[in-house]
Amino acid sequence: MPRHPIVSEPVRLGIPHQGHHRVRAASIIRIDDTHANPKTAWEALGSPAYLSQKNLELLMQASELVELAKDFSADGSQTWIDLVLPPQSLALILLEWA
């Protein structure tokens with residue numbers, strides 16, 4: 001909405017079960033202020049105009065996508081995944097089916 005603050009948003013995903021198949025495991029990959037964000041790491045280094053090899057390696061590491069296990073719950077017909085999305089973020093949810 002115009003002129004409204006941009007804030008974190010809670011999200012609840014409902015994934016219908018596929019026949020006899022159920023979600024066995026879930027994981028998440030994020031891009032936000034604290035995940036896969038080399039700009040934040042660069043600013044923490046003092047925003048250098050030129051990077052040393054060590055600083056370049058730190059920024060490469062800070063930009064990596066990291067897959068983490070994600071908790072979920074299920075009922076008789078759906079699997080539920082709850083998360084909070086920070087402003088200007090992205091989350092990829094990966095599901096493993098049984």
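Computed from heavy atoms alone, side chains included, the values below leave out hydrogens, waters and symmetry copies. Please read these numbers as outputs of a predicted model, since none were measured by experiment.
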Side chain to side chain contact (heavy atoms under 4.5 Å, CB included) between W80 and L13, intermediate numbers included: CA-CA 6 Å; W80 298 97; L13 299 174; over 6 Å; no
- prompt: Are W97 and I93 grouped together when hydrophobic residues (ILVMFWY) are joined by side-chain heavy atoms under 4.5 angstrom apart?
  reply: yes
task: Treat each ILVMFWY residue as a node, draw an edge where side-chain heavy atoms are under 4.5 Å apart, and state whether L85 and V7 are in one component.
output: no
Do [X] side-chain atoms and [Y] backbone N/O form a donor-acceptor pair below 3.5 Å?
| X | Y | value |
| --- | --- | --- |
| Q78 | G76 | no |
| D82 | R12 | no |
| K70 | I29 | no |

How close do [X] and [Y] get, heavy atom to heavy atom, and via which atoms?
| X | Y | result |
| --- | --- | --- |
| I6 | Q88 | CD1-NE2, 4.0 Å |
| S8 | P86 | OG-CA, 3.5 Å |
| M60 | S63 | O-OG, 2.8 Å |

Report yes if the side chains of [X] and [Y] come closer than 4.5 Å at any heavy-atom pair, otherwise no.
| X | Y | value |
| --- | --- | --- |
| T34 | T40 | no |
| I81 | I28 | no |
| L59 | L45 | yes |
| H35 | S89 | no |

- prompt: For R30, which of L83, L90, N37 qualifies under side chain to side chain contact (heavy atoms under 4.5 Å, CB included)?
  reply: L83
- prompt: So does D71 have more than 12 non-hydrogen atoms from other groups sitting under 6.0 Å from CG?
  reply: no
field: E43 atom CD, over 12 foreign heavy atoms within 6.0 Å
entry: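 For E43, atom CD is crowded (more than 12 foreign heavy atoms under 6.0 Å).
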